[in-house]
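Naming convention: chains lettered A, B, ... in sequence-line order (proteins, then strands); numbering from 1 in each chain.
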Amino acid sequence: MKGLIMTLLLWTMTLPTVGQSYRTAVCELSFFSNAPLEDIKANNKEAIGVFNAATGDIALVVQIRGFQFAKSLMQEHFNENFMESEEFPRATFEGKVKKFDMEKSGSQNVDVSGDMTIHGVKKPMDISGRFEVRNGIVFMDAVFPIRLEDHDIEIPQILFKKIAEEVEVTVHFELKKD
Amino acid sequence: MQHCLRTIKIIISLVMAYYANPLKAQDSLLDQLESQVQPMDEWVMGTFKGTRLINGHTIETRGEGNLDFMISHRFGRINSGAYNFFGLDEANIRLGLEYAFTDRLTVGVGRNSFQKVYDGFAKYRLLKQQTGAKQVPISMTLYSSMAVNTFKRPELPMTFERRLSYAHQLLLARKFTEGLSLQLMPSYVHQNLVPTNMDKNDLFAVGLGGRLKLTNRTSLNMEYYYRVAPNENDGFYNVVALGFDIETGGHVFQLHLTNAQSMTETGFIPSTTGNFWDGDIHFGFNISRSFQLKKNEKQAW
């Protein structure tokens with residue numbers, strides 16, 4: 001009898017945390033490179049993310065192959081020469097959202113800090129973004145720069161005028177309860 | 001006994017509670033997420049850098065709306081000596097334009113100074129090597145070309161039909177590793193005009209080629225065509241070529257050494273006059289520049 005009570009007790013203790021897990025229903029990323037000769041933009045929807053509203057833990061996995069470019073040759077070079085997606089097929093982020101309020105209505109500014117792994121190179125990163133809870137859906141939006149050098153992505157000298165050393169990444173997530 | 005049973009119950013309940021909550025599991029959030037990533041359709045990209053291996057084509061076709069402008073040169077024979085600057089005094093040029101109507105279909109035209117040949121081709125990607133959600137072990141491209149030799153030959157009653165020749169190839173390739181790609185090219189060439197009426201108009205050949213990637217932007221290439229039962233004592237040789245590719249953004253620079261002067265399949269497969277092993281080698285290059293005329297629609301959300 002005692003055991004049964006214990007079980008129920010433990011179940012109820014753990015349930016709230018299970019109920020606080022959110023998963024991306026919409027996950028859109030893009031990056032923009034602004035260089036003297038060429039502006040390059042690519043979009044990606046091949047990504048998934050989870051967020052724990054109890055602890056603020058957030059994790060994200062992006063498939064590098066999912067980036068779509070306007071020029072197919074550029075897409076090939078992005079995968080083959082820069083991101084080496086055969087060897088490093090995914091980019092990941094793991095971190096914590098700080099000072100967010102699930103009860104508050106309207107948009108809030110939040111800070112996220114964690115580790116970003118791109119091209120197999122892990123870097124600590126602090127991102128500020130916007131956070132909003134509307135009709136039980138968590139919206140997250142952020143724009144932040146990534147330095148290619150930080151992740152050992154090499155650009156040959158001949159392409160310096162075509163590819164920026166720092167690209168601007170835009171993310172938009174809509175997360176629903178698991 | 002009662003006590004023991006209770007202890008077991010407690011242990012079981014603890015274990016159940018532990019596993020009931022995935023977030024408490026030892027794997028991090030990220031590890032769990034990584035295991036849930038759906039495999040994508042992963043087309044194998046960049047089996048070769050260019051649409052040309054050296055003289056002949058690779059299985060590669062450009063993306064829809066891409067226009068390639070190609071400039072190719074084959075200089076004279078290296079063994080022609082210092083007086084001819086090792087062949088560089090003499091140059092054959094091919095200028096070509098090729099447009100990708102779809103990701104699979106490319107149509108191109110070219111003009112060769114050698115024999116004043118105009119050529120046209122259609123290239124269709126039948127199969128793309130693929131890993132991930134679906135597995136396709138090789139890439140396959142169908143290549144078909146026609147050439148018109150407009151060289152003036154007053155000694156012969158030349159009709160338009162006599163000036164035509166055709167080449168058809170099935171290009172099969174596999175990117176074995178990031179560094180190694182190999183290609184097999186069963187080929188058929190038909191020439192409407194051959195030197196004597198004893199000679200056959202049809203020729204079968206099997207080509208073998210490959211690429212060894214040296215860095216992300218450079219590779220070493222080789223290409224060889226074996227002519228199956230060619231006309232006897234025709235004075236022609238199997239074509240051999242060694243090349244080095246440099247790719248920079250929208251350009252591919254290909255430098256090579258080959259015994260062929262012609263830059264069309266109807267020329268270099270049946271009628272290569274140089275003996276590679278005797279030093280009848282031509283230095284040459286292909287330069288391609290890509291222009292994207294139509295944007296990829298998948299990019300728009």
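Rounding to the nearest 0.5 Å gives a distance of 7.0 Å between CD of B/E247 and CG of A/L73. Atoms CD and CD, on B/E178 and A/E84 in that order, are 8.0 Å from each other to the nearest 0.5 Å.
Across B/L33 and A/G49, no two heavy atoms sit closer than the pair CD2-CA, 3.9 Å. Of all non-hydrogen atoms in B/G63 and A/S72, the two that sit nearest each other are CA-OG, 3.1 Å. Smallest separation of non-hydrogen atoms from A/L60 and B/L30: O-CD1, 3.7 Å. A/V61 approaches B/E34 most closely through the heavy-atom pair CG2-CG, 3.9 Å. Considering every non-hydrogen atom in both A/E80 and B/K213, the closest pair reads OE1-NZ, 3.5 Å.
A salt bridge is defined here as a Lys NZ or Arg NE, NH1 or NH2 lying under 4.0 Å from an Asp or Glu carboxylate O, and B/E64 with A/K71 fails to meet this definition. Between B/R217 and A/E154 no salt bridge is recorded (no basic side-chain N to carboxylate O distance below 4.0 Å).
Side-chain contact between B/Q292 and A/M74: absent, with no pair of heavy atoms (C-beta onward) separated by less than 4.5 Å. Contact check for A/R23 versus B/Q36: side-chain heavy atoms found under the 4.5 Å cut-off.
For B/E42, the parts lying under 4.5 angstrom from a heavy atom of chain A are both the backbone and the side chain. Within the 4.5 angstrom heavy-atom criterion, only backbone atoms of B/Q38 (N, CA, C, O) approach chain A.
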Return a table of donor-acceptor pairs under 3.5 angstrom between the side chains of residues 93-100 of chain A and protein atoms on other chains or two or more places apart.
unit_1, atom_1, unit_2, atom_2, d
A/E94, OE2, B/S28, OG, 3.1
A/K96, NZ, A/D57, OD1, 3.0
A/K98, NZ, A/S113, OG, 3.2

Between A/R65 and B/M45, does the side-chain contact (heavy atoms from CB on, under 4.5 Å) criterion hold? Intermediate values first, please.
CA-CA 10 Å; A/R65 285 287 191 120; B/M45 285 191 251; 3.4 Å; yes
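Ranked by heavy-atom pairs shorter than 4.5 Å toward chain B, the options A/E76, A/R90, A/E46 are led by A/R90.
Scanning residues 118-133 of chain A against chain B with a 4.5 Å heavy-atom cutoff picks out nothing at all.
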